[in-house]
Amino acid sequence: MKQQETRKVYFPETTPPESHSRSGDAQQAESIYYREMATTVEIVSRQQWGAAAPKQVPEKFSCAQRVIIHHTDTPSCSSRSECVSRVASIQRGHMTEKKWDDIGYNFLVAADGTVFEGRGWGAVGAHAKGNNHDSLGIAFLGNFKSEAPSCEALASVKQLLQSGVSQGFIKPQFGLCGHRDVGDTECPGAKLYGVLQQLKST
């Protein structure tokens, strides 16, 4: 079987100056800004990590109002193959044990900064009960109760959020919170929760 190449997706490093207008000129200027500031972040598609097909097509929403950060509360992974196996295992657990239609998160990120596609952009997830209808769920692979997230993972998630805003998948003035803010849980762990605001800093 032919080996697939890892897809590269371009994400902006910083957000552009705010504009009070969405004229054609403003949109063109923003497009040029993002192209000039672009950096590469690896994203592994569902096909590439061997995702099972969802039981049914997920509901969609046009633009996320909030981003909810999670940790997977699993052992961390250090190699690409190990992380692929971890993501696939998480999907199996969500679909077989929890009886969900698919993996619950929209995206997952490994310690080396690699982003894995979960349900993806615009899909209603199953990551925060009662709060899925207008939110994007992003999970850091690992347990962050006592271990701090890596700089690479934080940088990738920050860039992912900026990309979502630039493409219209996330509201520019989106809310950012941890799972514990909307549910009775310790997720995403004290060490990750303590640095969440870094994901919105410029």
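These numbers come from a predicted model, not from an experiment. Positions are given from 1 along the sequence.
- Evaluation of the disulfide (SG to SG under 2.5 Å) rule for Cys83 yields Cys77 as partners, not counting sequence neighbours.
- Clustering ILVMFWY residues whenever any of their side-chain heavy atoms sit less than 4.5 angstrom apart, transitively, puts Leu108 in the very cluster that holds Val84.
- Counting non-hydrogen atoms of neighbouring residues, nucleotides and ligands closer than 6.0 angstrom, the NZ atom of Lys129 reaches no more than 12 such neighbours.
- Counting only heavy atoms from C-beta outward, the side chains of Ile90 and Leu141 approach each other to under 4.5 Å.
- Under the 3.5 Å distance criterion, the side-chain polar atoms of Gln65 are matched with a main-chain donor or acceptor of Cys63.
- Ring centers of His179 and His127: at least 6.0 Å apart, outside the cut-off.
- Residues Gln162 and Ser166 bring no donor and acceptor atom of their side chains to less than 3.5 Å of each other.
- Using a 4.5 Å cut-off between side-chain heavy atoms of Ile, Leu, Val, Met, Phe, Trp and Tyr, with links allowed through other members, Ile68 and Val195 fall into different hydrophobic clusters.
- Val182 and Phe107 sit in two unconnected hydrophobic clusters of ILVMFWY residues. Membership requires side-chain heavy atoms under 4.5 Å apart, directly or through other members.
- The shortest distance between side-chain heavy atoms of His71 and Lys145 falls below 4.5 Å.
- Counting heavy atoms from C-beta outward, Phe61 and Val124 have side chains that approach closer than 4.5 Å.
- Between Phe140 and His70, the ring center distance fails the sub-6.0 Å criterion.
- Listed for the Thr114 side chain is no donor-acceptor partner under 3.5 Å among the backbone atoms of Ala110.
- A salt bridge does not link Lys55 to Asp102: none of the charged side-chain nitrogens sits closer than 4.0 Å to a carboxylate oxygen.
- Using modelled atom types, one finds a donor on one side chain and an acceptor on the other under 3.5 Å when comparing Ser78 with Glu82.
- Arg180 places a side-chain N or O within donor-acceptor distance of the main-chain N or O of Glu186, the cut-off being under 3.5 Å.
- The same ILVMFWY cluster, assembled from side-chain heavy atoms under 4.5 Å apart, contains both Leu176 and Leu154.
- Criterion: ILVMFWY side-chain heavy atoms under 4.5 Å apart, direct or through other members. Under it, Leu196 and Val109 are part of a common hydrophobic cluster.
- Of the residues Ile138, Ile170, Val67, the one that meets the side-chain contact (heavy atoms from CB on, under 4.5 Å) test with Leu160 is Ile138.
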